[in-house]
2 protein chains.
Amino acid sequence: MLDVRRLRLLRELDRRGTIAAVAEALAFTASAVSQQLGVLEREAGVPLLERSGRRVVLTPAGRILVTHADAVLERLELAVSQLAGAREGLGGPLQIGTFPSGGPAIVPATLAELARRHPALEPMVREIDSARVSDGLRAGELDVALVHDYDFVPASPDTTVDQVPLLEEPMYLATGRTADSTPATGPAAPGGTLAELLGPWATSPWITAREGTTGHAMAVRACQAAGFQPRIRHQVNDFRTVLALAAIGQGAGFVPEMTTEHAPEGVALTRLPLFRRSKVAFRAGGGTHPAIAAFVAAARTAVQGLGNR
Amino acid sequence: MLDVRRLRLLRELDRRGTIAAVAEALAFTASAVSQQLGVLEREAGVPLLERSGRRVVLTPAGRILVTHADAVLERLELAVSQLAGAREGLGGPLQIGTFPSGGPAIVPATLAELARRHPALEPMVREIDSARVSDGLRAGELDVALVHDYDFVPASPDTTVDQVPLLEEPMYLATGRTADSTPATGPAAPGGTLAELLGPWATSPWITAREGTTGHAMAVRACQAAGFQPRIRHQVNDFRTVLALAAIGQGAGFVPEMTTEHAPEGVALTRLPLFRRSKVAFRAGGGTHPAIAAFVAAARTAVQGLGNR
DNA sequence: CGTATGCGTAAGATCAACTTATGCTTGATG
DNA sequence: CATCAAGCATAAGTTGATCTTACGCATACG
C-alpha cells in the first residue's frame, strides 16, 4: 500500500519545486525527504522524478500521483473535521492567517465575536502574504486565512484549498481635491464606466500596492483596461497611507470601501465599478471542521457589524 | 494527520468484528492491532470503539471514520492501478479467487487466454467461498475473483468491492426422465412461468447446494416463489453430481446452463426463467489496473468461446 | 573560477511499531 | 458452580524503519 506520508512529500515537491524547500516546510532535513521519495519511487515501480539541473522535476507519472495524493489528503482532512465535530466543545489553538493591512478592520472584530461564542478557542493570528497562504495551509502552519481577490486578477485555481466568500466591496478612486481635472465628487458618487472614471487621471502619478502583490496587479490592469499605463510613483500596501498621500496631492490610488470611513481631509473618493472580494480560505475538506465553520460564522457577523456602522 | 494504516485496521475491525480476527487476517498479533487502534483513538480524540462483552464494537464516530477509510483506500487503490498502467509490460503474480465448482469451465479457458496475451503474468488460482471473497480482496490475498449471484438472492452491497458482469446464463431444472408428472422436454424447452415449471415437483425431493451458500438460498427462494417449500434430500455443490443424482431419480435440482453440456443420460432439463450472473470482482478502485483489466478481457473472450462451442 | 545551492549516499542515532509475556473479563460447558 | 477458552489490554523488550549528521558531486551564479 502506498504510504500517504510519502505521497504528501511528493505533493509538496510538486508545489514547492525543490526537495530542500519541502524539507524546510515540513521540518525535516533534505536528506530525509530525498530518501523517502526514493522509497516511494521504488514502491511505485515507475520513475516519479528526474533531475533537471540541480533541481528535480516530477515525471508525468509523478504528477498523476500527486492528484491522487491531493484527493486522499482532502478526504483525510474531511475525516478529521468530522472527528472534531463529534468531539463536543470547541477548543484549542486556531492558526489564523490574514493579508497584511487587512488586520485592523476585520480581524479584531472577528476575534471578538469568536471569543464571545467559543471562549475555549485560542485564536492565533499571523500576517501572511496572500501568495503564501496555500503553502501555509498545506504545511499546517495555518488553519484558516483571510484572503482577497480583485477583478482583473484571476484567482489561481488550487484544489488543495477551499474558499468561502465573506464580503464584496467596491473599490474607490482616491485623489486629491486640489487636482486639476475633476472636482471632488464625494463618496458614493454615481459612476460611469471605468474608462470614464479613470480617464482623467491617465497622466497623474499613481499610488499602488507593492509590486508582486495582487493589489498592484489589480491597479495596473484596471488602468490598462481604462486605456492607459499608470505612471507609478508610490508603492505602499497600507491603504491609510494611500489615502494620506492622495490627500496631499501625491497621486491617485485605489482603496477598498472599508478603508474610506476615516478618510483624511482633502481626499476625493469616487466609487468605481470594480470590486474586491474577501474570502476565508482553508484546507480542502476542512469546511466542516467546527472551528473553521465557527470562524467563518464569526467573520460573517463581524463583517455585518462593520457594514452597519 | 490520520495514519491510513491504522484506519485500515479500524475498517477491518468493522468488517470482521474482533481484534483477533483482524490480526489474523493481516498477519499481526492481536496485541499490535490493539495498540495501534489505541493510538488511533487517542489521535482522533473521540472514542472509536467500546467493549461489549469480550468483544469490541465501533462507536458511531468509529463507523463514520470507517467510511472515510474506505474512500481513502479506494483512492489509493486507484493510484496503484494507474502506476501499474504507467509501467510498461504486464507481469508478476495475480491472485485469482474462484467459486468452488466454478473452476472447470471458465477458469482454465480464461487462464489460457491470459497466458497467451500476457505470458509474463503469473496467475495463481485458489478456490474461495463467495462469502469470503470480499475479505480476501481487502486483505490482499486475492486480486480478482470470479463470483456469482442469482435471482432471488440480493447481492449485498459492498463499497469496498467493485464488480463487472461477465456472463448471464439461464438456470435449468434437472429431473429424472423416469419421474411421474412431466415427460422429458429436452434442453431449451419453451417455458412457462416459474410456478408452472416448478409446480409439478413440489412434492419431489430436492437436490440443492450446501446450506449457507448462495446457491442453496436461491433454490429455496425459487421454490418458495413457486408456492412450496422444497423438501431437501441432498446438499451438493458440484453441479455434475447434481445432474447425476437427478438422472437416477434422486430428486430435482437447479443447474446453470454451462453445466448442461455433458449432462448424463436419463436427465431431463427444463429451461427456467431464472438466471445466474457470473461476475469478476476486485478491490474498489482497482478496475483500471492493467492486470485486472486483462483478466476481465480474457474472461470475456473465454466465456465467448464457451458459448460458441 | 570560486562559491553557494541542491541532490544523493553512507553511517550512526533515534523513535515507532511489533512481539512476547501476562493478567483480566466474559461467555460457554460439564 | 467450577473450569476453561476466547478476547482484549498492558508492560517490557526487540526489531526495523526513519531521521540526522557528514560528506561528495553536479550545477548555477557572481
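All values below were derived from every heavy atom in this structure, side-chain atoms included, with hydrogens, water molecules and symmetry-related copies excluded. Within every chain, numbering begins at 1; the chains are lettered A, B, ... in the order of the sequence lines, protein sequences first and strands thereafter. Since we're looking at a predicted model, the values are computed, not measured.
Residue A:E24 contributes atom CD, which lies 14 Å from atom C1' of C:dT5 at whole-angstrom precision. Here the C1' atom of nucleotide C:dG6 and the CD atom of A:E50 are 16 Å apart, to the nearest Å. Atoms CZ (B:R6) and C1' (C:dC18) sit 12 Å apart, rounded to a whole Å. D:dA9 atom P lies 12 Å from atom CG of B:L48, rounded to whole Å. Atom-to-atom, CZ of A:R55 to P of D:dA28 comes out at 10 Å; the value is rounded to the nearest Å. Taking atom CZ of residue B:R16 and atom P of nucleotide D:dA6, one finds them 19 Å apart after rounding to whole Å. The interatomic distance linking B:Q35 (CD) with C:dA21 (P) rounds to 15 Å, in whole Å. Rounded to whole Å, atom P of D:dA9 lies 9 Å from atom CG of B:L13.
Among the heavy atoms of the strands, none lies under 4.0 Å from A:A30. Within 4.0 Å (heavy atoms only), B:V39 reaches no atom of the nucleic acid at all.
Between C:dG8, D:dT18, D:dA9, one nucleotide has an atom nearer to the side chain of B:S34 than all others, and that is D:dA9. The nucleotide whose nearest atom lies closest to any side-chain atom of A:S31 is, among D:dT20, D:dT18, C:dT19, D:dT20. Between C:dA17, D:dC8, D:dT21, one nucleotide has an atom nearer to the side chain of B:Q36 than all others, and that is C:dA17. Set against C:dG6, C:dA21, D:dC19, the side chain of A:R51 has C:dG6 as its closest nucleotide. Checking D:dG7, C:dC7, D:dC19 against the side-chain heavy atoms of A:I19 singles out C:dC7 as nearest. Which of D:dA9, D:dT18, C:dT19 sits closest to the side chain of B:T29 comes down to C:dT19.
For the side-chain contact (heavy atoms from CB on, under 4.5 Å) test with A:F295, the passing option among A:L114, A:D143, A:L121 is A:L114; the others fail. When each of B:L48, B:I19, B:V57 is checked for a side-chain contact (heavy atoms from CB on, under 4.5 Å) with B:L13, only B:I19 meets the rule.
Distance alone, capped at 3.5 Å, places no donor-acceptor pair between the B:R6 side chain and the B:G38 backbone. Checking side-chain atoms of A:R8 against main-chain N and O of A:R138 turns up a donor-acceptor pair under 3.5 Å.
Here A:R5 reaches the OP1 or OP2 of D:dC19: one of its side-chain N or O atoms lies under 4.0 Å away.
Comparing A:S52 and A:D3 along DNA chain D, the residue whose closest nucleotide (by nearest heavy atom) sits nearer the 5' end is A:D3. If A:L9 and A:R54 are placed on DNA chain D by their nearest nucleotide, the residue sitting closer to the 5' end is A:L9.
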Decide side-chain contact (heavy atoms from CB on, under 4.5 Å) for A:L65 and A:R11; before the verdict, give the C-alpha distance in whole Å, the side-chain angles of both, and the deciding distance to 0.1 Å.
CA-CA 8 Å; A:L65 198 50; A:R11 158 164 106 153; over 6 Å; no
